[in-house]
Structures are given as C-alpha cells and as structure tokens.
Undergrad: 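Just passing along the structure, written as structure tokens.
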Amino acid sequence: MIVTHELSKYYGKTTALEKLSLSIGEGEIFGLLGPNGAGKTTTIKILTTLAFPSGGWARIAGYDVVHDRPRLKPLIAVCPQEINLDKELTAFENLWFYGRLYRVPELSRRIGELLEWGQLADRAGDRVKHFSGGMQRRLLIVRALLSRPRMLFLDEPTVGLDPQIRRQLWDLIRQLKADGITVLLTTHYIEEAEMLSDRVAILNRGRLMALDTPAALVAQVGGYVVETINGHHTSYHLVQNKEEAYRRARAQAAGVLIRQANLEDVFIQLTGERLSP
Amino acid sequence: MTWFTIFLKDMLLFQRRLLRLGYVISTLFAPLLYLGAFGLGLGKRVVISGGSYLDFLLPGLVAMSSMTNSYTWVANSLNMGRLYFRTFQIYLQAPVSAGAIVAGQVAAGMVRGLFASLIILVLGLALGRRMQFNLMFALGMLANGLVFSAFGVVVGLKSRSHEDTATFTNFFILPMAFFCGTFFPVDELPWGLRGLIRTLPLTHTNELLRHPEMNRDNLVSLLILMGYGLLCVVLGIIFIRRYSE
C-alpha cells in the first residue's frame, strides 16, 4: 500500500528524516515509534501531501505523493496530532463540511452511521468546543473515516488522553483493521505500538533504527529484563529467558525486578537513550 | 463546487460571530469613529469640491470598510487556521484544487467586506447624506472586495506568525486608508507622492464610488482593480500549490 524509498526531509541544516525506506502492506496496522523529533510527523506530512520531500520518493496505492496528488488524496485520510476541528461548529457541521470536500455520497446517512460508531450520535448537534478531549479525538477519527479512505494516518491519536479513553480509542483502531483499512500510526507510547501494530518501525533523529513485528523486535534483544536497583542507580540486563533472569536475580544483593522486555528496551538497546523522558 | 463548501463554512462561522455584539462593534469601530470625528465634527467646517465634507467622506469610508474587513477576515482566518488551529490543512489534504480554496476564501472575504461597508452606507444615508448608486458603483465595490480578499489570501499564506499579518497591515493597508483619497482628495498631495498613490487600488475604488459614471477613466480604474485582484488570486494559487511544511 505504501512504499517509500530513501525518503528525506531537511529544514536548512536540520535533518528531520534521513533516507527512510519501508513498505507497508494493505490492511496492515503499521506503527512508527520514536521520541519527539524522531521524524514521525514529518513522515506523515510528506505522505499526506502536506510537505514536499527533500529527497527520495513515496507512493501510496501506486500514486506518487508529489506528482499524483489529485488521484491520491481521495484514497487517504489523516487524524492529525492537533485537534483541528472547527470548535464553533457542531459535530454534524464539522463532518458535513468535510464530507462535501470529499464529495461523499449520501452524506447525512453516512454521518449518522459514523457518529453511532464513534458513540457521538447524541452529541451531533452540540458545538465541538463543549466536547471533552476524548470526544474530540473520537470525532477526528470519525471525520477521517467519512470518505471511506483506503489508507488512514493517525498521528499520535491518543496523546494527552487518560488511560480509559486511550483504550476506547484502541478498540476503535482495531475495528479499522477489521474493516480492511490500512493504518499508519505514530506514537511514542510503547504499549500503544505493541498492542496495535502488526509491524513497528523505530525512528530516532530521522533515521530508521529497526523494523519488524513487536514480538520479533523484542526477541532480538532478549525476552526478559532484570532491573537491579542500587540506591539511585538502576541497571538493566537483557536476558533470553526466564531461567536466566532468575539466575541473574539470585546473584544480586540489591533490589531486583524481573519483567518481560518491551519496545522501550529495544529502543534503549538501539540508541542508548530512553524513549520516554 | 468545492469552493462553495469552503465559502459556506466561512459564512456559517461569520454568522455565528455576528451574533456576538462585541465582535460587530469591534469590526465597525474604526470607520464609525472616523465618521463621527471627521464627518460630524470636522465636516461642518470643511467644504470639498463645493460640497459637504460628509458627502465626500462617506464613499471613502465605505471603500475603506470594505478593504479592511475583506483583508482582515481572510488574512487572519487563513493565518490562524494555518498556524494555530490547523483547520486550513484540511483543505490542503482534501481533494480540493488550489483555485477552489482561493475562490472560497476570497468569496467569503468579499461578503464580509460588503456587509461592513453596507452598514456604513446605511448609517450615512440615515444621516441624510447623498450617494450615487449604479452598476459602476456595484462593480467598484465587488472589485475592491476581490482585491483585498485576495491580498488577504496572499498575506495569510506567506506570514509566518500572527505578528507578520499585523506588519502587512501597517505597511500596506493603513497607509492606503489614509492616503488613497478616503479623507482628502489625492490631488492635494505633492506631485511625486500623487503618482505613487494613483497606482494603489484603494485610490481607484474611491474614485469609482465617488463618481460612478460609465466613462473611460472609471473603466481604466475598474481594469486596474481587476488586475490587482487577478494578480493576488494567481499568487494565492501558486503559493498553495507550492505549500510545504
């Protein structure tokens, strides 16, 4: 569905994205994981026609993101990081104007269906400025689905939301996969990338560090982590299995925590930095 | 017809804002202030071209209101929508042509400008002033709205912050409001400055609204306004096509 080849973006002397090459299959939920400034949003901006690449190329469903924009745009939709709804308009009005831009057939019926799906039907006539953050996020996803896109970009879809609302949104995103929509998701939440993504690309400072399924990435660094807490210092040891973890834990005099490795450990192993501050 | 959707959305937002009293007052505050201070105050002592100053001032304030409201609405909403609310990005990512985006924004700005100038016009007529209305007057108003709405698109797209928009206002809009024949005839200006002022669009709008006869000079003024409008529309389309974050 998406192919990029050495996709790059420079802002003066700053490198936002450096030769990103990847391929995303149809119906896949693909996660871009990395800290702030890793190049995730830049990648989405290029793929959704909001920015020209400085080098390389990208195609979605065979259409070049620079040269085939009129044919590409009806196939894609984006949920941006910022809530860019018109707050003075109602939920229905926001969807209606958006749907008209995409020439959605039977628009009112489609809006009704999606508001039901997003559990917002009872608030259709309310101005968006009176919505909670979680409701606004849900409305953003509903709006993106209005045009029946084949490819959906979700840029940090759950940022700033409380855990309960975040899990509600995860359920919505899983439904998208069930409906056959390809999803490119950016996040800096480890759990989100692991729970939702079929495959994950780890980005750091504009570079692709690793790309595989979450399980395979974690397996590459070892299945378990032994954290040894010594005063204010915590040391990490990645080990392959539980038995090895127990053996290492027993040898420690200080406090020890054994846990399963996750993508954060992969990130630390690859970059020497923590993903979340 | 996607331009009409963009226009319609702006009109709905405009309607919602109109319902706020403070918004209407702040929009019309400057022209009403000029009308009161210069027209009603100074106007009794000043005679221009054998007529009352208020009769001279009224078409100028109508043109100025149209200019400031068309320009400010478009430049601010585009700038804020692009940099802060990021609602403008919806148009850029949707299957909408650059021409449709510009057309929708310009049409909305024109309506906004016409609305503001209509209020000044009605107020002036209520004060017993006389003005000549005909096709040329209507075309002058429309062309003025086109020029300054389209200029608003250009400024809204190119300014890198809200302060940038204010800079454009201070360097282009404000001098035009004072020197292009709104408050005194352009002929009163020194020769060199007069030539420069005659190249600016508001001067031509003022001439069209004050003497809206169908003659060669007015047709040239109308063509100049259309030329400015077209130039800004083309620039707006180019800037949108080249837009990259």
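In what follows, every heavy atom counts, from backbone to side chain, and hydrogens, waters and symmetry copies are set aside. Note on naming: letters A, B, ... go to the chains in the order of the sequence lines (proteins, then strands), and numbering restarts at 1 for each one.
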Undergrad: Identify which one of A:Thr48, A:Thr187, A:Thr43, A:Thr41 satisfies the side chain to side chain donor-acceptor pair (under 3.5 Å) criterion when paired with A:Asp155.
TA: A:Thr41

Undergrad: Before accepting this row, confirm whether a basic side-chain N of the pair A:Lys40/A:Glu156 lies closer than 4.0 Å to the acidic partner's carboxylate O.
TA: yes

Undergrad: Test the B:Lys158-B:Phe239 pair against the cation-pi criterion, namely NZ or CZ under 6.0 angstrom from the six-membered ring centroid and within 45° of the ring axis.
TA: yes

Undergrad: Check each atom of B:Tyr243 against the heavy atoms of chain A and say whether the ones under 4.5 Å are side chain, backbone, both or neither.
TA: both

Undergrad: Between A:Glu82 and chain B, which part of the residue has a heavy atom less than 4.5 Å away: side chain, backbone, both or neither?
TA: side chain

Undergrad: Under 4.5 Å heavy-atom distance to chain B, tell me which part of A:Arg71 shows up: side chain, backbone, both or neither.
TA: neither

Undergrad: Looking at A:Trp96, A:Tyr98, A:Tyr11, A:Phe52, which makes the most heavy-atom pairs under 4.5 Å with chain B?
TA: A:Phe52

Undergrad: Looking at B:Met1, B:Arg16, B:Arg17, which one has more heavy-atom pairs under 4.5 Å with chain A than the rest?
TA: B:Arg16

Undergrad: By a 4.5 Å heavy-atom criterion (distance strictly below it), what part of A:Lys9 contacts chain B: side chain, backbone, both, or neither?
TA: side chain

Undergrad: Would you say A:Asn204's side chain and A:Ala38's backbone share a donor-acceptor pair under 3.5 angstrom?
TA: no

Undergrad: Between the side chain of B:Thr2 and the main-chain N/O of B:Ala100, is any donor-acceptor distance below 3.5 Å?
TA: no

Undergrad: I'd like to know if the side chain of B:Gln105 reaches the main chain of B:Ser149, judged simply by a donor and an acceptor atom lying under 3.5 Å from each other, with no hydrogens or angles considered.
TA: no

Undergrad: Sort A:Ile46 into side chain, backbone, both or neither according to what part of it lies under 4.5 angstrom from a heavy atom of chain B.
TA: neither

